[in-house]
Protein chains: 2
Amino acid sequence: MANDTRQRLLEASAQLFREQGYAGTGLKQITTAGGAPWGSLYHFFPGGKEQLGAEAIAHSGARYERLFELTFARGGEDIVQCVRDFFQLSVDALEKSGWADGCPIATVAMEVASTSEPLRHACAEVFASWEAAFARGLAGAGIPPERAAELATYALAAFEGAIVLSRTTHDTRALRITAEVVATTLRAELPAA
Amino acid sequence: MANDTRQRLLEASAQLFREQGYAGTGLKQITTAGGAPWGSLYHFFPGGKEQLGAEAIAHSGARYERLFELTFARGGEDIVQCVRDFFQLSVDALEKSGWADGCPIATVAMEVASTSEPLRHACAEVFASWEAAFARGLAGAGIPPERAAELATYALAAFEGAIVLSRTTHDTRALRITAEVVATTLRAELPAA
DNA sequence: GTCATATTAGATAGATCGATCTAGTGAGAA
DNA sequence: TTCTCACTAGATCGATCTATCTAATATGAC
């Protein structure tokens, strides 16, 4: 068909929501950024802004999950180094984008937690998928599954919070420090080699 | 004077920004929630929404900093228990408020990081003040000042991220797990008793 | 080629946004 | 009292928001 308008709208939405949040991004801005005609927006997303939001969250979530798995797969056995690598990806992304590209959904997640149940739920599912991917990596390194799930939640929380701090302060210090402490903490949980 | 209109506007702003974010909160909603006449808003805050936002951030930040210091003071020597207590405060606040009261400024911080330099700076200052308060507590427990500053950044990041997860999932699990891991990590850094 | 459908085009509605303005009210100072 | 000034009241402005609507135009099936 050679028509990727829908995809462009989705990616423009994901990028803008990531930077400016949900309420702070207008549909007009999305169509402009996506190079899509206004009429197409409600054609592809008849549910309006909320549908666009939900799909953008899921889209960003799935892409980031692949990044998780790719990082863990590339790291092989050394799970601690994988964690460090993943933090480093965010360091690079923040610096490269001028502190715009933090977590793809955290901004929206906080905004909509008390204002839109469908969007909150979409965010919760994404976080759960990331936690699961993280937990698989930790379990693969020999940590008992139940403990791996707990540590995945912890590591994800530390990661998200470090992004909040680094993006706000325009300084990667929080991400770098948090990466080291989390890496050390996780190493201590690994089974004796 | 017996006129606390300005204060009511400030507190209503702080509460609404905390729940719904900056862009998602209208000035009309603020005056209504604060029981203040529309005309008063631009009388007390001639700088408009941005001034109101900056002052609300500083207001929330100072109040939360006192909560930090109060928790640390009450805990006496046992810094690890202080950390646990502080996480517990958030657990209680989230449950009591129906998952509305998370971090007082995180939602706004993420939103404005790429859209308003004055507001971003206000958030950065608040985070710095919390880190400093945290670091004082850790240093008071015998951790070398430089390391205390690092651990404060780490603990604050973990705390913020856990709030993001708990508020989004409507489950205090992330906060509870993160509190335990962080507490264990910090205990290992304390000088031998 | 013809027809049905998918997509685009963009005007428009109706609401709400932040901000400004003038007029009015009220309490305390002189 | 009378004056002054902090504060309130709320209409109003232009911009922007989401959403809907009708036409026009492509596109692919047959």
Side-chain angles (χ1 to χ4, degrees), chain A residues 1-57 59 107-108 111-112 114-120 122, chain B residues 1-57 59 107-108 111-112 114-120 122:
Chain A
M1 54 187 68
N3 189 323
D4 56 349
T5 302
R6 193 191 145 95
Q7 191 68 14
R8 286 204 317 277
L9 279 171
L10 211 48
E11 301 205 347
S13 303
Q15 181 63 29
L16 289 169
F17 287 156
R18 177 187 205 166
E19 292 181 23
Q20 317 174 349
Y22 180 74
T25 301
L27 296 182
K28 199 80 176 240
Q29 191 180 9
I30 289 174
T31 56
T32 300
W38 171 256
S40 297
L41 201 152
Y42 280 88
H43 172 73
F44 290 113
F45 303 92
K49 194 180 189 183
E50 199 163 51
Q51 180 187 352
L52 192 55
E55 292 202 28
I57 289 165
H59 180 72
T107 306
V108 175
E111 264 192 285
V112 303
S114 300
T115 58
S116 165
E117 200 57 19
L119 294 183
R120 180 194 69 78
Chain B
M1 47 190 79
N3 189 325
D4 55 350
T5 302
R6 192 191 146 92
Q7 191 67 13
R8 287 204 317 277
L9 280 171
L10 210 49
E11 302 205 346
S13 303
Q15 181 63 29
L16 288 168
F17 288 156
R18 175 186 205 165
E19 292 180 23
Q20 317 174 348
Y22 181 74
T25 302
L27 295 183
K28 200 81 175 243
Q29 191 181 8
I30 289 174
T31 56
T32 301
W38 171 256
S40 298
L41 201 151
Y42 279 88
H43 173 73
F44 290 113
F45 303 93
K49 194 181 189 183
E50 199 163 52
Q51 180 188 354
L52 192 54
E55 292 203 27
I57 289 164
H59 180 71
T107 306
V108 175
E111 266 191 285
V112 303
S114 300
T115 58
S116 165
E117 200 57 18
L119 293 183
R120 180 194 70 78

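Numbered from 1 within each chain, the chains take letters A, B, ... in sequence-line order.
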Which atom pairs, one a donor and one an acceptor, fall under 3.5 Å between side chains of residues 6-13 of chain B and the rest of the protein, sequence neighbours left out?
from, atom 1, to, atom 2, distance (Å)
B/Arg6, NH1, B/Phe44, O, 3.0
B/Arg6, NH2, B/Glu55, OE1, 2.3
B/Arg6, NH2, B/Glu55, OE2, 3.2
B/Gln7, NE2, B/Glu11, OE2, 3.3
B/Arg8, NE, B/Gly34, O, 2.8
B/Arg8, NH1, B/Asp4, OD1, 2.7
B/Arg8, NH2, B/Gly35, O, 3.0
B/Glu11, OE2, B/Arg63, NH2, 3.2
B/Ser13, OG, B/Leu9, O, 2.7

Nearest-Å distance, CD (A/Glu50) to P (D/dT18)? 13 Å
Mind checking B/Thr31 for me? I need base, sugar-phosphate or nothing, with any heavy atom below 4.0 Å counting as a touch. nothing
A/Tyr42 OH to C/dT12 P: how many Å, rounded? 18 Å
Calculate the interatomic distance between A/Lys28 atom NZ and C/dG10 atom P; express it in whole Å. 10 Å
All N/O pairs under 3.5 Å across the protein-nucleotides 7-9 of chain D interface:
from, atom 1, to, atom 2, distance (Å)
D/dC7, OP2, B/His43, NE2, 2.9
D/dC7, O3', B/Asn3, ND2, 3.3
D/dT8, OP1, B/Asn3, ND2, 3.4
D/dT8, OP1, B/Thr5, OG1, 2.9
D/dT8, OP2, B/Ser40, OG, 2.2
D/dT8, O5', B/Ser40, OG, 3.3

Find the distance A/Leu27:CG to C/dT12:C1' and express it as a whole number of Å. 16 Å
Quick one: salt bridge (charged side-chain N to carboxylate O under 4.0 Å, His left out) pairs with a partner in residues 15-41 of chain A, sequence neighbours left out? none
Inter-residue atom distance B/Leu27.CG - B/Leu16.CG, 0.5 Å rounding: 11.0 Å
Apply side-chain hydrogen bond (donor to acceptor under 3.5 Å, both in side chains) to A/Thr25 and list each qualifying residue two or more places apart in sequence or on a separate chain. A/Gln20
Could you give the CZ-to-P distance, from A/Arg6 to C/dT8, as a whole number of Å? 12 Å
Rounded to whole Å, CD of B/Gln51 lies from C1' of C/dA19 at a distance of 14 Å
Without decimals, in angstroms, what is the distance between A/Ile30 CD1 and D/dC17 C1'? 12 Å
Pairing residues for A/Ser40 by the side-chain hydrogen bond (donor to acceptor under 3.5 Å, both in side chains) criterion, not counting sequence neighbours: none
Could you identify which residues of residues 10-22 of chain B place a heavy atom less than 4.0 Å from some atom of DNA chain C, listed by residue number, or say none? none
